[in-house]
Amino acid sequence: MDMYAMSATSVRAPVGDTDFFPVEVGLHQGSSLSPFLFAVVLDELSKLIQETLPWCMMFADDIVLVAERKLDLNMRLEEWQTTLGRKGLRISRSKTEYLHCDFGGVNDIKDIQITIEGKVVPQVTKFKYLGSFI
């Protein structure tokens with residue numbers, strides 16, 4: 001039985017509450033179990049492609065992938081996209097971004113773009129994960 005079947009919610013605002021509307025996609029907001037259940041499912045779906053810390057970190061529906069080269073990151077993104085796609089999930093292109101840090105002095109090809117399904121992923125200069133900025 002799907003615990004979220006026929007779920008509905010409303011939004012509380014300073015001017016009052018909205019009418020109830022169906023929740024059809026995404027995590028069920030407000031439920032303390034949602035992030036945990038999603039993490040358990042995502043962990044199981046991705047167990048064959050996960051790497052050890054710090055190369056792969058997950059919290060609820062956020063995933064951090066770390067790679068030494070852009071080419072490696074593109075291959076890992078493709079692997080995640082394919083694996084999740086087989087189960088009806090996808091990586092959000094609009095919410096995905098990358099931060100390039102050359103800590104190891106790795107000679108990376110400068111003109112390689114990070115992409116998901118052929119769309120360029122925007123590069124950022126700072127990255128926030130679980131409240132900490134990098």
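Everything quoted here is computed from the prediction, not taken from an experiment.
- For the atom pair OG1 of Thr96 and CD of Gln81, the computed distance is 8.5 Å after rounding to the nearest 0.5 Å.
- Evaluation of the side chain to side chain donor-acceptor pair (under 3.5 Å) rule for Gln123 yields Tyr98 as partners, not counting sequence neighbours.
- When every heavy atom of Leu77 is checked against every heavy atom of Thr115, the shortest pair comes out as CD1-O, 3.9 Å.
- Under the salt bridge (Lys or Arg N to Asp or Glu O under 4.0 Å) criterion, Glu79 pairs with no residue at all, not counting sequence neighbours.
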Intermediate values then yes/no, side chain to side chain contact (heavy atoms under 4.5 Å, CB included), Val120 and Ile114: CA-CA 6 Å; Val120 175; Ile114 304 300; over 6 Å; no
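- Under the side-chain contact (heavy atoms from CB on, under 4.5 Å) criterion, Val40 pairs with Phe36, not counting sequence neighbours.
- The side-chain contact (heavy atoms from CB on, under 4.5 Å) check on Ser92 picks up Arg90, Ser94, Lys95, with sequence neighbours excluded.
- Arg86 pairs by the side-chain contact (heavy atoms from CB on, under 4.5 Å) definition with Thr82, Thr83, not counting sequence neighbours.
- The two atoms that bring Cys56 and Leu65 nearest to each other are SG-CD2, 4.2 Å, heavy atoms only.
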Worked verdict on Val66 versus Val64 for side chain to side chain contact (heavy atoms under 4.5 Å, CB included): CA-CA 7 Å; Val66 178; Val64 175; 4.1 Å; yes
Residue pair Leu99, Lys126: steps toward the side chain to side chain contact (heavy atoms under 4.5 Å, CB included) verdict: CA-CA 7 Å; Leu99 174 68; Lys126 61 181 175 180; 5.8 Å; no
Verdict with supporting geometry, Ile49 and Trp80, side chain to side chain contact (heavy atoms under 4.5 Å, CB included): CA-CA 7 Å; Ile49 60 172; Trp80 275 83; 3.6 Å; yes
Sequence neighbours excluded and cut-off under 3.5 Å, please list the side-chain donor-acceptor pairs for residues 12-22, or say none.
residue : atom : partner : partner atom : Å
Arg12   : NE   : Asp17   : OD1          : 3.2
Arg12   : NH2  : Asp17   : OD2          : 3.4
Thr18   : OG1  : Val11   : N            : 2.9

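- Annotation for Ala67 and Asp72: closest pair CB-CB, 4.0 Å, computed over non-hydrogen atoms.
- For residues 41-50, the pairs satisfying side-chain hydrogen bond (donor to acceptor under 3.5 Å, both in side chains) are Asp43-Gln50, Glu44-Lys47, Ser46-Gln50, with sequence neighbours left out.
- In the hydrophobic clustering of ILVMFWY residues, with side-chain heavy atoms under 4.5 Å counting as a link, Ile91 and Met75 come out apart.
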